[in-house]
Every structure is written in structure tokens, then in C-alpha cells.
Amino acid sequence: MQEVRITATVGKVLRVFLDDITEPRYGYELMQRTELASGTLYPILARLEAAGWLISDLEDIDANVEHRPARRFYRITEAAAEMARSELIALSNQLRPPVAQRPVRLRPQRGLA
Amino acid sequence: MKVRDIVGFLILLITATVGDLVSEELRSRLDRVPYAILRVAIRRLPVEVRQNVGNEWLAELHHIVHRTEGLPITRLLSAIRYALGLLWTARRIGRNLKIVRGQRNAGSQKSTCGLSLHRQVAIVGAASVGVAGIGIAAVEATMSYWGASAPSAVAYYAEVTVGKGPLSVAVSPDGHRAYISNYVSDTVSVINTGTNAVIGTIPVGENPVSVAVSPNGRRAYITNDHSNTVSVVDTGTNAVIGTIPVGEKPWGVAVSPDGRRVYITNEHYNTVSVIDTGNNAVISTITVGSGPEGVAFSPDGRRAYIANARSGTVSVIKISG
């Protein structure tokens, strides 16, 4: 498994896989869950698959019986799921906004007017 | 270089899309648009992964078009958005997947392609005559086909490079051979459907349009639009064994189920030429509607139907004996 730079967008994709690591995920479903466009999602999936984080396979159907082509699904490997979990924690720590402070109010200055 | 890339790519997009639209004009089905765009995206994938990744995208697009919720127009827009997104990133995606997916599945999928062609319903020439007709014959001379149980179910995808301007296709009754007329190259390409390899290129008349194979699979008949002839091909040797003069602008061709007659529509003469396959001669000429193009026999061979493009009618010919 190779290293992958976890940007916020990659994090979004990994987050969906962590919901249930045994669940197969399809491209269009991932697009909807992450609200990413195909042009953003698929390069990420390709990178994750090439790095060995995701594995993909064809749905087990007979295209001629179902009257539709078999779709390709993605699943996260167990090792990657571990890695993704700690990366996402680090990422969310990094992105978490600071505790809200009372807004600074400007007071009119007393003095000569 | 960047600009040239984008311009070249836009031209490719437009020609391919226009080509598809022109060929679809008759059916005027808007839901072909995302497929047209996606096919351009697939063509941008590196060869090693084109089939594998292309099939993945086609299946996903099929899912969006046919199996998601929402109004047809919403689904259509989602489908177009899906295809457009991939257009810009296809190269990058393909490069990344070369190692994990390259070649690995190519062999197994190819054989499925060959099998599926046997019962295929939908066949589409990627470079349609519309494209050749308006002078942009530089589009890639490839033929794409989909084997599927329903015309809308795109199950497999493969591309075979044939001549220029592939226009129509006929599959032999045993399913082992496919014959493609190349309108611009004036040839017919013969494909071995088991291997998807072009095993023969037969020079025929000028601008071949339609192809039909006899029920016994031993002859193929091709209409030559500009030489006003029909070429008869011996499928055993892939040689032209006869050239029959017919009416002006022969378009459609069909062989009767008993193999004894070949019907040719003559687009400009508004007639159908009837050929006796015993001596390859025209034995009669039947006047039909205006602009006859497509022709088909009923399975019992007692009716022939001719689509008249200009008069917007169908002529029904009753065949006696």
C-alpha cells in the first residue's frame, strides 16, 4: 500500500467507505454521497486504487439476463481503512474551527467630538 | 500546446457528437447525447485500459439514465454532467489505472464481446455517413458495437478499426463474421467476431451503404450508392463474384428468408429492384413510395416492407409463390 496525500476531497471519499467497510460502493453513489462531480471523483478513485487503498471488481450479474451491463464497485481494504481512520482524525483536527470567541465590539471613543 | 490540445479535442467532441446526432436524427432520441460524449471520453483513455474503464463508465451511465429516480430530463442532465466530467480527466484516470487494470481483463472481456455480438441488437457506426457527408471524414475510422439484449442496455464495449466512414453492418447467420460497409473507403471490412480482428477488406463499388448476408451465410450483398450497383461477395473467399447494375442510388438491401431473392431500394428512382440470386440478374422492378431506403422481409418471406424516407410512408409488397 502506497502513501496517498489526503486532501479534504480525498477525505470525503474515504469517509463514505468507512461507514461500512464491507459495503461495495459504486461510482454514481459515491458522487451523490460526496457531492463531487465525476471529473473530481474518478481521478481520486483511480489514485486510491492504484495505491492499493481500494479494490474494484465487477458486479456478479449476467448482463443478458438482467438487460443491463455489470457495474464496477469499489471496496476499501482493511489496512487502508485503518490508515484512513487515523488520517481523517488528523484532517478533522486540522480543519476544526477554533472555539467561538466573543466578537470584539468597537466602542465609540470618548473625547472631543 | 495546451491550446492546440483543447481545440483538437473540441473538434473531436463536436464531430463525434454531431456524427452521433445526425445518425440518430431519425430516432431523435435525446438520451443518446450523454453516450456520445462518453464515447469521446472513452476514446481518450489509454488503449491498455480503454475497454476496462470504458465498460465501467458505460455501465454507470446506463444506471444513471435508466435506474435512478427523478424526471427524465433530470436524469438526462445528470448523465450529461457525468459524461462531461470524465471527458476532461479521462487521460489522467487512465494513466493511474494502467498498472492495476491494464490488460489484466482484456482477454476475458474480448471473448465475451465476440459471443455477445451473436445476439446483438444495437449496432452503431461511430463515424456515420452524416459525418462523412458533410466533409469531416477525418473522424476516427472505427466501428463501435454493443452486444445487448435490449437496444438501450450497453453490455460490452469494444472498438475495431475498419475503413473510413463505416456505415452499416451485417452479421452472418452463424454469428462468426460481421461485415461492415465503409462508405468513404469503398470497401467492406470482414471481422472475426471471436477475436474482433479484421480478417478481410473487400474493395466494392463506390460508396457502399448497406450489407446483407444470405440465410446460408455464403453470400453478402452490398449496395453501392454512387456506382448504382450491387456487389455480390462470396463469403468463403471474400471476393466479389458479381456486380449487378440496379437503379439510381441503391440504398437498402435484404435477402429473402429462402435466399432466392434480393430486394434493393433505389433511393432516387423510387423503386425496388428484385434480384434472382440464381443468376444474379434483376428480374423485376417495383415502384414504391418516394425515397425508399430501408427494406426488410417478414420471417415467412411473404411480405417485404420498404421505408420511404421522403414520402414518410412504408410500402408493403406481397410476395406470391
Side-chain angles (χ1 to χ4, degrees), chain A residues 1-7 9-10 12-14 16 23-77 79-80, chain B residues 38 41 45 49 52-69 75 78-102 105 108-109 112 115-116 118-121 146-157:
Chain A
M1 203 172 84
Q2 291 160 32
E3 211 164 287
V4 176
R5 206 162 62 87
I6 310 295
T7 63
T9 329
V10 176
K12 269 193 203 171
V13 177
L14 288 173
V16 178
E23 187 73 21
R25 307 282 177 189
Y26 298 90
Y28 189 61
E29 177 203 356
L30 287 165
M31 280 170 62
Q32 291 181 309
R33 300 259 320 246
T34 58
E35 297 184 334
L36 296 175
S38 58
T40 312
L41 175 75
Y42 278 90
I44 293 173
L45 290 178
R47 238 186 305 148
L48 289 172
E49 190 180 345
W53 286 52
L54 298 180
I55 36 175
S56 78
D57 209 345
L58 283 180
E59 210 184 358
D60 192 17
I61 62 155
D62 184 338
N64 286 317
V65 173
E66 300 271 331
H67 290 219
R68 67 182 180 84
R71 297 169 75 191
R72 184 170 283 274
F73 63 81
Y74 295 83
R75 212 174 270 163
I76 194 164
T77 64
Chain B
L38 192 64
L45 285 166
V49 297
N52 180 303
V53 179
N55 281 342
E56 171 183 359
W57 293 350
L58 282 168
E60 217 56 27
L61 190 64
H62 181 266
H63 174 81
I64 297 170
V65 174
H66 298 278
R67 298 176 69 221
T68 51
E69 310 255 292
R75 279 177 292 163
S78 306
I80 291 175
R81 255 204 315 273
Y82 178 85
L84 277 176
L86 296 170
L87 206 52
W88 299 105
T89 43
R91 283 221 178 110
R92 190 145 47 96
I93 295 168
R95 265 202 308 274
N96 271 321
L97 289 175
K98 256 187 206 171
I99 294 163
V100 275
R101 293 214 212 145
N105 296 332
S108 66
Q109 289 195 344
T112 351
L115 287 173
S116 70
H118 191 69
R119 44 183 144 168
Q120 74 176 4
V121 176
W146 290 265
S149 318
S152 57
V154 177
Y156 309 105
Y157 179 86

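By convention in this document, chain letters (A, B, ...) are assigned in the order of the sequence lines, proteins followed by strands, and residues within each chain are numbered from 1. Worth knowing before you read on, the calculation uses all heavy atoms, side chains too, and leaves out hydrogens, waters and symmetry mates.
Proximity to chain A is absent for every atom of B:Arg95, based on heavy atoms less than 4.5 angstrom apart. With a threshold of 4.5 angstrom between heavy atoms, B:Arg81 approaches chain A through N, CA, C or O but not through any side-chain atom. Within the 4.5 angstrom heavy-atom criterion, atoms from both the backbone and the side chain of B:Leu86 approach chain A.
By the 4.0 Å N-to-carboxylate-O rule, B:Glu60 lies close enough to A:Arg71 to be salt-bridged with it.
A:Met31 contributes atom CE, which lies 7.0 Å from atom OH of B:Tyr82 (distance to the nearest 0.5 angstrom). For the atom pair A:Leu58 CG and B:Asn55 CG, the distance stands at 8.0 Å (nearest 0.5 Å). A distance of 10.0 Å separates CD of A:Glu49 from CG of B:Asn96, quoted to the nearest 0.5 Å. A distance of 8.5 Å separates OH of A:Tyr42 from CD1 of B:Ile93, quoted to the nearest 0.5 Å.
More than 12 non-hydrogen atoms from other residues, nucleotides or ligands lie less than 6.0 angstrom from CD1 of A:Ile61.
When side chains are defined from C-beta on, B:Arg101 counts as touching A:Arg72, because their heavy atoms get closer than 4.5 Å.
Among all heavy-atom pairs drawn from B:Ala59 and A:Pro69, the shortest one is CA-CG, 3.6 Å.
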Pair A:Ser38, B:Trp57 - check side-chain contact (heavy atoms from CB on, under 4.5 Å), show working. CA-CA 10 Å; A:Ser38 58; B:Trp57 293 350; over 6 Å; no
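Across A:Ala51, A:Ala37, A:Gly52, A:Gly39, the residue that shares the most heavy-atom pairs under 4.5 angstrom with chain B is A:Gly39.
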